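Index from 1, following the sequence. The shown structure was predicted, so the numbers you read here are calculated from the model rather than taken from an experiment.
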Amino acid sequence: MRSRNGNRPVLLTGIALIPTLCFGADHYYVGYRLATQNSQPVYEAFDVSKAMRTCTGGISEELFLQRRPQEPLKEVLEREKSAFLEYALFETGRIKSDTRTVQSQIRTQEILTLPTRCYAVEFNDESVTIALIK
């Protein structure tokens, strides 16, 4: 069905992406943790592993990231860390903060955690499409 100006409606494009990401994509479990003390990073890690089974559920809005040829998902996420974290933390992020005073010195510790969740990942030649499976 075409609209009066000759373009297909955006709704059909969105509906076409859902089966592609659910059935044609690989599923990965991704988690992230960042610990800081006195605003200095102490520990940072991405945990990425391919799912043994396909995950079930609906998908959220997609994220498109640039990819170099034959670059694995973990390297893409580490290089595009800020974009991925902004996308993923909106849904499931947690921040824990602790402040202590010892002999007139203030010590702070913050832990940013992105719980391990399942993502549908579709690799293209120059990009990666990522969607959280709810």
Side-chain angles (χ1 to χ4, degrees):
M1 176 192 307
R2 292 181 179 260
S3 64
R4 291 183 180 180
N5 64 3
N7 296 326
R8 291 191 176 122
V10 176
L11 178 62
L12 291 178
T13 306
I15 292 172
L17 280 177
I18 292 172
T20 302
L21 286 174
C22 288
F23 301 112
D26 295 328
H27 291 179
Y28 285 84
Y29 285 101
V30 179
Y32 176 77
R33 185 176 182 107
L34 171 67
T36 63
Q37 288 183 341
N38 297 330
S39 300
Q40 298 295 317
V42 176
Y43 175 80
E44 180 179 35
F46 261 110
D47 296 320
V48 178
S49 63
K50 192 165 184 179
M52 300 286 272
R53 296 184 196 179
T54 58
C55 302
T56 59
I59 61 171
S60 67
E61 192 173 312
E62 298 91 20
L63 172 68
F64 299 98
L65 299 175
Q66 294 299 315
R67 174 182 182 232
R68 297 180 184 126
Q70 303 302 320
E71 186 177 25
L73 180 61
K74 187 170 185 173
E75 289 180 19
V76 172
L77 293 177
E78 287 176 356
R79 186 173 40 79
E80 299 284 345
K81 185 185 327 179
S82 61
F84 178 74
L85 291 177
E86 187 176 316
Y87 166 77
L89 288 173
F90 181 74
E91 295 272 340
T92 61
R94 295 188 304 227
I95 298 174
K96 179 182 175 185
S97 180
D98 184 31
T99 304
R100 295 182 184 179
T101 305
V102 178
Q103 297 177 355
S104 300
Q105 290 184 341
I106 298 174
R107 296 181 186 223
T108 61
Q109 180 180 17
E110 292 88 18
I111 299 173
L112 170 68
T113 304
L114 178 62
T116 302
R117 299 283 306 265
C118 190
Y119 292 86
V121 179
E122 184 176 336
F123 294 96
N124 300 318
D125 291 338
E126 297 177 359
S127 67
V128 175
T129 305
I130 300 172
L132 175 67
I133 298 178
K134 297 181 182 180

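Between Tyr119 and Tyr87, the two ring planes are tilted [angle within 30° to 60°].
Minimum interatomic distance between Thr113 and Pro115 (heavy atoms only, all atoms of both residues): O-CD, 3.6 Å. Ala131 approaches Ser60 most closely through the heavy-atom pair CB-O, 3.9 Å. Contact record, Cys118 with His27: SG-CB, 4.0 Å, taken as the closest heavy-atom pair. Between Thr36 and Pro41, the shortest heavy-atom distance links the atoms CG2-CA, 3.9 Å. Taking both residues in full, the closest heavy atoms of Arg117 and Lys134 are given as NH2-CA, 4.0 Å, listed atom of the first, atom of the second, then distance.
Remark: Arg53 engages no residue in a salt bridge (charged side-chain N to carboxylate O under 4.0 Å, His left out) (not counting sequence neighbours). Asn38 is linked by a side chain to side chain contact (heavy atoms under 4.5 Å, CB included) to Arg107, Thr108, counting only residues two or more places apart in sequence or in another chain. Taking Lys81 as the reference, Glu44 meet the salt bridge (charged side-chain N to carboxylate O under 4.0 Å, His left out) condition, with sequence neighbours excluded.
Atom CG of residue Asp125 and atom CZ of residue Arg67 lie 8.0 Å apart, to the nearest 0.5 angstrom. Distance check: Phe46 CZ to Glu75 CD gives 12.5 Å after rounding to the nearest 0.5 Å. Note that the CD atom of Gln40 and the CD atom of Gln109 stand 13.5 Å from one another [nearest 0.5 Å]. With values rounded to the nearest 0.5 angstrom, Glu110 atom CD is found 9.5 Å from Gln37 atom CD. Taken from CG in Leu132 to CD1 in Ile59, the straight-line distance is 9.5 Å, to the nearest 0.5 Å.
Of the candidates Leu63, Asn124, Val121, Leu65, Thr129 forms a side chain to side chain contact (heavy atoms under 4.5 Å, CB included) with just one, namely Asn124.
In terms of hydrophobic clustering, with Ile, Leu, Val, Met, Phe, Trp and Tyr side chains grouped at heavy-atom distances under 4.5 Å, Val128 and Tyr29 are assigned to different clusters. Residues Leu85 and Leu34 share a single hydrophobic cluster, defined by chaining ILVMFWY side chains whose heavy atoms lie under 4.5 Å apart. No chain of hydrophobic side-chain contacts below 4.5 Å, direct or via other Ile, Leu, Val, Met, Phe, Trp or Tyr residues, connects Val102 to Ile106. In the hydrophobic clustering of this structure, Leu77 groups with Leu112; members are Ile, Leu, Val, Met, Phe, Trp, Tyr whose side-chain heavy atoms approach within less than 4.5 Å, directly or through other members.
Within a 6.0 Å radius of CD in Glu86, no more than 12 heavy atoms belonging to other residues, nucleotides or ligands are found.
With respect to Glu71 and Arg79, a salt bridge is recorded, a charged nitrogen being found less than 4.0 Å from a carboxylate O. By the 4.0 Å N-to-carboxylate-O rule, Arg100 lies close enough to Asp98 to be salt-bridged with it.
Residues Phe84 and Leu114 form a side-chain contact, since some pair of their non-hydrogen atoms from C-beta on lies under 4.5 Å apart. Contact annotation: the side chain of Tyr32 never approaches that of Val30 to less than 4.5 Å [non-hydrogen atoms, C-beta and beyond]. Side-chain contact between Leu73 and Ile130 is present, with heavy atoms from C-beta onward closer than 4.5 Å.
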